Amino acid sequence: SVCGWDNDLCKNIYIGYCTADNNPGDPKNLDNHSGNGIVVGGLVGCLIEFCEASNNGWDMPRTGNGPVGIWGWNCDKLTIQNCISHDNKSPGTDGGGFDLDGGCTNSIMQYNLSYDNAGCGYLLCQYPEAPLWKNNIVRYNISYNDGSKNMQSGIGLWDGGKGISDALVYNNVIVNPRHAVFASHDISGIIYRNNIFVSGCEILKGHLKKSRFQNNLYWTTGNRPFAGDDKTSHSTFEAWTKSTGEETVNGKPSGFFADPLLILPESSKQLPTDPAKLAEMPFFRPGPGSKCLGAGMEIKDNGGKDFNGRELKSKNIGAYEN
């Protein structure tokens, strides 16, 4: 845990090539965070890269504000990249892989792998009375089988106060037996582009009317409605787009409902735990004939490279340059 209270002093912190494993949490700590892997707060320009967080948070009894594998709060220009967060837990809430939490601005999560966490893979969250949360980016990440307990999704949104808006979420791959995206609150200005969303239940779940979806590919492996919240359900991709006006660009239809033909692992045991092995991972790429290939929309200032670190030349949906 790295926390700063004076941004004039706490700048340009570097955390790299670390392993945070089996931090259970303090069962006597009932009024603060405990059981996290790596957490930073009150910093400007922090970089976290090539770190692994695993099996943390399993003995943290606090019911609110539970532990997360790798995350930051009240940070500006925080970057979390090329990290793996897996098998993290929480007896209460959270227990996810990665998180840009309350007060984060101008921050990025990119080129990360999250899998088998109790909470969602990538959380965008504002805690009560937090400073402004705005202008954050989630790109070229992968989530597999996250949210077994909390949020039940690869990407999760939660607003416990006010002052949260505006994030770009693009070129991620979410494969989840439950939901790809879950929003407990309707947050303005969250834009999803060029993502692959595969799930077994509703692909989109919760309050997403203020979000914008453009040029994403959706697929379900189950027999459930396409999207829904506690009041409305959309049975199909076509019904959802017609009702909401989503998946249009300049008045023209965008987005696809089709099998992305992903190369998937037979089990999570085939996935890497060493961040240095991420570039060698063969999974979550679209196979031959996939509608993802060449179908991405142009996104400016996209970082210039894919999940593998290769230069971006073609426009694909998902995390890989094929």
Side-chain angles (χ1 to χ4, degrees), residues 1-21 23 25-26 29-54 56-57 60 62 64-85 88 90 93-112 114 119 121-141 156-169 187 189 275 301 303:
S1 176
V2 178
C3 295
W5 302 107
D6 186 340
N7 286 338
D8 291 331
L9 297 177
C10 297
K11 293 183 177 180
N12 303 323
I13 301 295
Y14 179 78
I15 300 172
Y17 302 89
C18 298
T19 298
D21 175 67
N23 297 306
D26 181 359
N29 188 342
L30 301 179
D31 59 3
N32 208 337
H33 293 287
S34 180
N36 297 288
I38 298 171
V39 55
V40 297
L43 307 179
V44 175
C46 178
L47 172 60
I48 304 172
E49 64 177 0
F50 294 101
C51 293
E52 179 198 2
S54 60
N56 301 297
M60 214 297 289
R62 188 182 179 200
N65 295 328
V68 173
I70 301 175
W71 64 290
W73 57 276
N74 195 22
C75 289
D76 185 50
K77 299 182 179 67
L78 167 65
T79 298
I80 304 173
Q81 64 182 19
N82 303 109
C83 293
I84 301 176
S85 189
N88 293 291
S90 173
T93 56
D94 296 329
F98 298 88
D99 174 17
L100 293 180
D101 214 287
C104 281
T105 54
N106 308 305
S107 296
I108 300 175
M109 294 190 288
Q110 60 185 6
Y111 317 126
N112 301 297
S114 176
Y122 301 92
L123 177 64
L124 307 180
C125 177
Q126 180 79 328
Y127 62 82
E129 301 181 1
L132 181 70
W133 191 108
K134 196 169 185 176
N135 297 333
N136 296 307
I137 294 173
V138 182
R139 65 187 181 194
Y140 293 96
N141 302 285
L157 286 77
W158 191 84
D159 180 8
K162 59 182 180 179
I164 177 172
S165 68
D166 300 309
L168 290 175
V169 182
I187 299 171
D301 301 319

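Residue numbers run from 1 in the order of the sequence given. Computed from a predicted structure; not experimentally measured. For the numbers below, each heavy atom of this structure counts, side chains included, while hydrogens, waters and symmetry mates do not.
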[X]: side chain to side chain donor-acceptor pair (under 3.5 Å) partners, not counting sequence neighbours:
| X | value |
| --- | --- |
| N135 | none |
| N36 | W71 |
| N141 | N112, N172 |
| S85 | N88 |

- Who passes side chain to side chain contact (heavy atoms under 4.5 Å, CB included) against T105, sequence neighbours left out? D76

- Who are the salt bridge (charged side-chain N to carboxylate O under 4.0 Å, His left out) partners of D166, not counting sequence neighbours? K134

If I compare all heavy atoms of [X] with all of [Y], which pair ends up nearest, and what's the gap?
| X | Y | value |
| --- | --- | --- |
| G57 | P67 | CA-CG, 3.6 Å |
| A20 | N56 | O-ND2, 3.0 Å |
| G69 | A53 | O-CB, 3.5 Å |

- Quick one: which residue pairs count as a side-chain hydrogen bond (donor to acceptor under 3.5 Å, both in side chains) with a foot in residues 39-48, not counting sequence neighbours? none

- Are the side chain of D159 and the backbone N or O of G161 linked by a donor-acceptor pair below 3.5 Å? yes

- Item | Non-neighbouring partners of Y17 that pass ring pair (Phe, Tyr, Trp, His ring centres under 6.0 Å), sequence neighbours left out | F50

- Go through the steps to decide whether D21 and E52 satisfy the test side chain to side chain contact (heavy atoms under 4.5 Å, CB included), and finish with yes or no. CA-CA 8 Å; D21 175 67; E52 179 198 2; 5.5 Å; no

- Query: Could you give all pairs that pass the salt bridge (Lys or Arg N to Asp or Glu O under 4.0 Å) test and reach residues 37-51, with sequence neighbours left out?
  - Reply: none

- Candidates W158, F98, Y140 - the one meeting ring-ring contact (aromatic ring centres under 6.0 Å, His included) with Y122: F98

